[in-house]
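From a predicted model like this one, the values you see are computed outputs, not experimental measurements. Proteins get letters first, then strands, A, B, ... in listed order; numbering begins at 1 in each.
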4 protein chains.
Amino acid sequence: MNETAEPIVKATARNRRVAGMDPEKRRQILDGAQAVFAAQGFDAASMSEIAAVAGVSKGTLYVYFADKEHLFVALIERERETQKAAVFDALNDDPDVVRALTRFGEGLAHLLTRDFVVSAHRIVIGVAERMPDLGRDFYESGPKLGGYRLAQFLAGKAEQGLLSLDDAYLAAVQFIDLCQSTLLRPRLFNAMREPPSDDEIHRVVASAVAMFMARYGAPRR
Amino acid sequence: MNETAEPIVKATARNRRVAGMDPEKRRQILDGAQAVFAAQGFDAASMSEIAAVAGVSKGTLYVYFADKEHLFVALIERERETQKAAVFDALNDDPDVVRALTRFGEGLAHLLTRDFVVSAHRIVIGVAERMPDLGRDFYESGPKLGGYRLAQFLAGKAEQGLLSLDDAYLAAVQFIDLCQSTLLRPRLFNAMREPPSDDEIHRVVASAVAMFMARYGAPRR
Amino acid sequence: MNETAEPIVKATARNRRVAGMDPEKRRQILDGAQAVFAAQGFDAASMSEIAAVAGVSKGTLYVYFADKEHLFVALIERERETQKAAVFDALNDDPDVVRALTRFGEGLAHLLTRDFVVSAHRIVIGVAERMPDLGRDFYESGPKLGGYRLAQFLAGKAEQGLLSLDDAYLAAVQFIDLCQSTLLRPRLFNAMREPPSDDEIHRVVASAVAMFMARYGAPRR
Amino acid sequence: MNETAEPIVKATARNRRVAGMDPEKRRQILDGAQAVFAAQGFDAASMSEIAAVAGVSKGTLYVYFADKEHLFVALIERERETQKAAVFDALNDDPDVVRALTRFGEGLAHLLTRDFVVSAHRIVIGVAERMPDLGRDFYESGPKLGGYRLAQFLAGKAEQGLLSLDDAYLAAVQFIDLCQSTLLRPRLFNAMREPPSDDEIHRVVASAVAMFMARYGAPRR
DNA sequence: GATGAATGAGCCTTCATTCAT
DNA sequence: CATGAATGAAGGCTCATTCAT
């Protein structure tokens, strides 16, 4: 699982056409696609509307992306790139476990409840049955990778005697899930129209950290 | 789906048309719809295929359900009814908290990772942007209600001094989430093609219970 | 080379859909397709225009024919069926070679210069590069088969001592070509807008018969 | 192609635009167009592919040719020029009728069964309905002119008492058709993928000459 | 009441043509 | 002049929905 490489879909290269692709226009198209896909889902989004929202002609869409699916995959890829680094920084520079987990957890909760991130999850989940590769790649280079990264951090702390773990990966995912309790699910089902407040996130993550430390925190002498 | 006018989910009565609706035929249609929606998703599922799989004519579909969306909503409703009762029985008849939680958690994990349940979640999540009412209703009468029910159970145990809780609902959702750590997400993204084994569920739920009890279990003297 | 069987395109069966295809409507569609294909050629003909001319909806087109190419192939098949038997009758009931050839030749010239037959030839020739199977099948079950049938007739007469042939098939094709000299080519290139008159055909075929008999007619003692 | 206004073929002058048209580049474009039109037919050939094969930009195409149709017409014109002279030389320098006809006939058969010539015929025939002017011009300055030229030659020989003709033009076309019997048609329909061998051409033309001489050869005393 | 043939709006995609650089 | 990115009209095809039988 290489963090930098790992193309979501093998044919990604086909998204990059011959010469003279204007990166600015590409971005413009992806912005339009993001808006329309988020609002309509994959199937209900129409290439015409994407073109209109992006401010380009339908023909131009097909100069930059081979078809609707490639456009969508490129969009998902871009989003993941955008979000990746942000969260994990919190893990690497704080010797205090509780503080590191709190910062990480709050960053994660903020990220995963943002409008666009929720939309992207909805869409990928919605098409996962028909586009299993996309679903799997998204999962593996997103949530699963995140779990591994956190597991590594936790294992390091365990080696220092600061934590007591049976299964670092399970512990990591447990913490990640706890940070989203009562927050993610209503967002995914569109039962909570606004991202949670900072206070709410703070409260949930504090509880998650408390729970995590109660279980794995104090190495018993 | 128009959000302001005619709430689709509440309007179920409209599904029951004139007189002689054969409940058996209705069930037959829903069975076909279940198979097709699960395999294709909402948009890719075609009414023709549903009619064919259900063994009725397309015209008959529209006698029993006003349109594709109403059919889908009715299907989701039926599924929720089917699943609701099953899980919560575990809570009411066991005075031992750990045993009750374990039974409840394992039942829940089994249920939520079953093929059809995962499919239903995928579809509802996938259309949640376009059908917010459906998403909200599904969430509120499913996950949220489940959280409340478990919270009630936990609050009862707290009153008996068996648990020490700040926020019963948050604790309930935390437990529910922990029971699905490493299990639900790969299923939703179609990165795990088979439901998890009993052993795996057992292991995850045991860890969830341990975590829960470590945090909320010991009543402070 | 079976005269009755030999499907032009192997997948012809796919033209015949499940149940309840109204043969009258099928004919109606083929009539519309004939008009539009003849006027525009294969590529320039649009399915929308065919539907309009046929007086059916576009959707109906696709109920009866899988796609544009299948519709076209079915049309060509129907035409060939329509025309097949007509010409060769002249060969079987006349003991006089000159009279038989004259009747056959005139019938052939009439047939092959008719508007629709010319159109069909133009279209098949026009798409032969991209649809080689169609071109080949058309040729083999049309012109080539015709050559064989005439060759059989000529060989029979040769056995009776009425003709003297080296190569019956070559002689047959030569006669067929002579019957169309100055008639077919200008029609194919659309340089002659009307079918030739009976007189013109009579003159050309008489000359063809004379030429044929001069070469193959009198067995030299 | 509008038949009444602006005859396309005659309007060739319009292909020559402003000043500095590079004849070399024009040739280069026509070469590319020839390859693509031959391989795809008129409609399926794309201007983009022609530009790519010709090694020029799409914009340049439109500097040299007003549109796709003009480009195609110019190509057909060039081909006709290229081929014209070649065949008729055989007629002028041989006092022996049989030898002259044989050489002419073999040259003609070779020419008309060459890949590119067959392709050109296919395309012109294929679009003759939509571009009647092109079809007529092609016919008149090609096959028809050829017929007249041969007719003139034959008439000369008749005056010399070497042939006995009723209708020199009909006789000429008959001979031309006989030279292609069994050769041209399967090529046009793409049922014969390679040009015929020299031997095959030799055999067919020999039979054509024999037939022609049997009919028109012996001046009646 | 059940049927399924018919409808037609709408979708994705292509490509001849234009025009700013 | 040459370029090739951009355009947008039009094409083939699908499918939710209707309605005559």
Side-chain angles (χ1 to χ4, degrees), chain A residues 17-22 25-26 29 43-52 55-71, chain B residues 17-22 25 43-52 55-71, chain C residues 17-22 25-26 29 43-52 55-71, chain D residues 17-22 25 43-52 55-71:
Chain A
R17 288 298 179 76
V18 252
M21 273 221 332
D22 183 353
K25 185 148 285 184
R26 187 186 148 92
I29 292 173
D43 290 282
S46 91
M47 292 297 264
S48 292
E49 190 175 351
I50 291 173
V56 301
S57 77
K58 245 190 297 186
T60 302
L61 248 48
Y62 287 88
V63 172
Y64 284 77
F65 301 96
D67 57 24
K68 192 182 182 181
E69 191 170 323
H70 279 86
L71 169 57
Chain B
R17 286 296 176 80
V18 248
M21 274 228 329
D22 183 352
K25 186 153 285 185
D43 291 281
S46 90
M47 293 297 266
S48 293
E49 190 175 353
I50 290 172
V56 302
S57 78
K58 252 187 296 184
T60 303
L61 243 52
Y62 285 87
V63 171
Y64 284 76
F65 301 96
D67 58 22
K68 192 182 184 180
E69 194 170 316
H70 280 86
L71 169 56
Chain C
R17 288 298 181 77
V18 254
M21 272 221 334
D22 182 354
K25 186 147 284 185
R26 186 187 149 93
I29 292 172
D43 290 282
S46 90
M47 293 297 266
S48 293
E49 190 176 351
I50 291 174
V56 301
S57 76
K58 241 187 305 184
T60 302
L61 247 48
Y62 287 88
V63 171
Y64 284 77
F65 302 95
D67 56 24
K68 192 182 182 181
E69 191 170 322
H70 279 87
L71 170 56
Chain D
R17 285 300 179 76
V18 248
M21 275 230 324
D22 184 352
K25 185 153 284 184
D43 291 281
S46 90
M47 293 297 266
S48 294
E49 190 176 353
I50 291 173
V56 302
S57 78
K58 254 189 293 186
T60 303
L61 243 51
Y62 285 87
V63 171
Y64 284 78
F65 301 96
D67 58 23
K68 192 182 184 181
E69 194 171 317
H70 280 86
L71 169 57

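- With values rounded to the nearest 0.5 angstrom, C:K25 atom NZ is found 11.0 Å from C:L61 atom CG.
- Summary of the strand contacts: B:K25 and C:G55 both lie near DNA chain E, and taking for each the nucleotide with the nearest heavy atom, the more 5' one is attributed to B:K25.
- Listed by first residue number, the stems of DNA chain E with at least three Watson-Crick or G-U pairs below 3.5 Å are E:2-21 with F:2-21.
- Summarising the geometry, the separation between CD on A:E49 and P on E:dC12 is reported as 10 Å, rounded to the nearest angstrom.
- Nucleotide E:dA16 holds its C1' atom 11 Å from the CD1 atom of D:I50, rounded to whole Å.
- Between B:S57 and E:dG4, a side-chain N or O to OP1/OP2 separation shorter than 4.0 Å is absent.
- A pairwise comparison of heavy atoms in B:D67 and B:Y62 identifies CA-CE2, 4.0 Å as the closest pair.
- Residues D:H70 and D:A66 approach most closely at ND1-CB, 3.9 Å, considering heavy atoms.
- In terms of heavy atoms, D:A51 sits closest to D:S57 at CB-C, 4.0 Å.
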For nucleotides 12-17 of chain F, just jot down a letter per nucleotide in 5' to 3' order: B, S or -, based on protein non-hydrogen atoms under 4.0 Å.
SBBBSB
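- As rounded to whole Å, 12 Å separates atom P of F:dA6 from atom CZ of A:F65.
- Atom-to-atom, CG of C:D22 to P of F:dT21 comes out at 12 Å; the value is rounded to the nearest Å.
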Go through the steps for B:Y64 and B:L71 under the test side-chain contact (heavy atoms from CB on, under 4.5 Å), then give the verdict.
CA-CA 8 Å; B:Y64 284 76; B:L71 169 56; over 6 Å; no
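- The side-chain contact (heavy atoms from CB on, under 4.5 Å) test applied to B:K68 returns B:F37, B:F42, B:M47, not counting sequence neighbours.
- When the C1' atom of E:dT7 is taken as reference, atom CG of C:L61 falls 12 Å away, rounded to whole Å.
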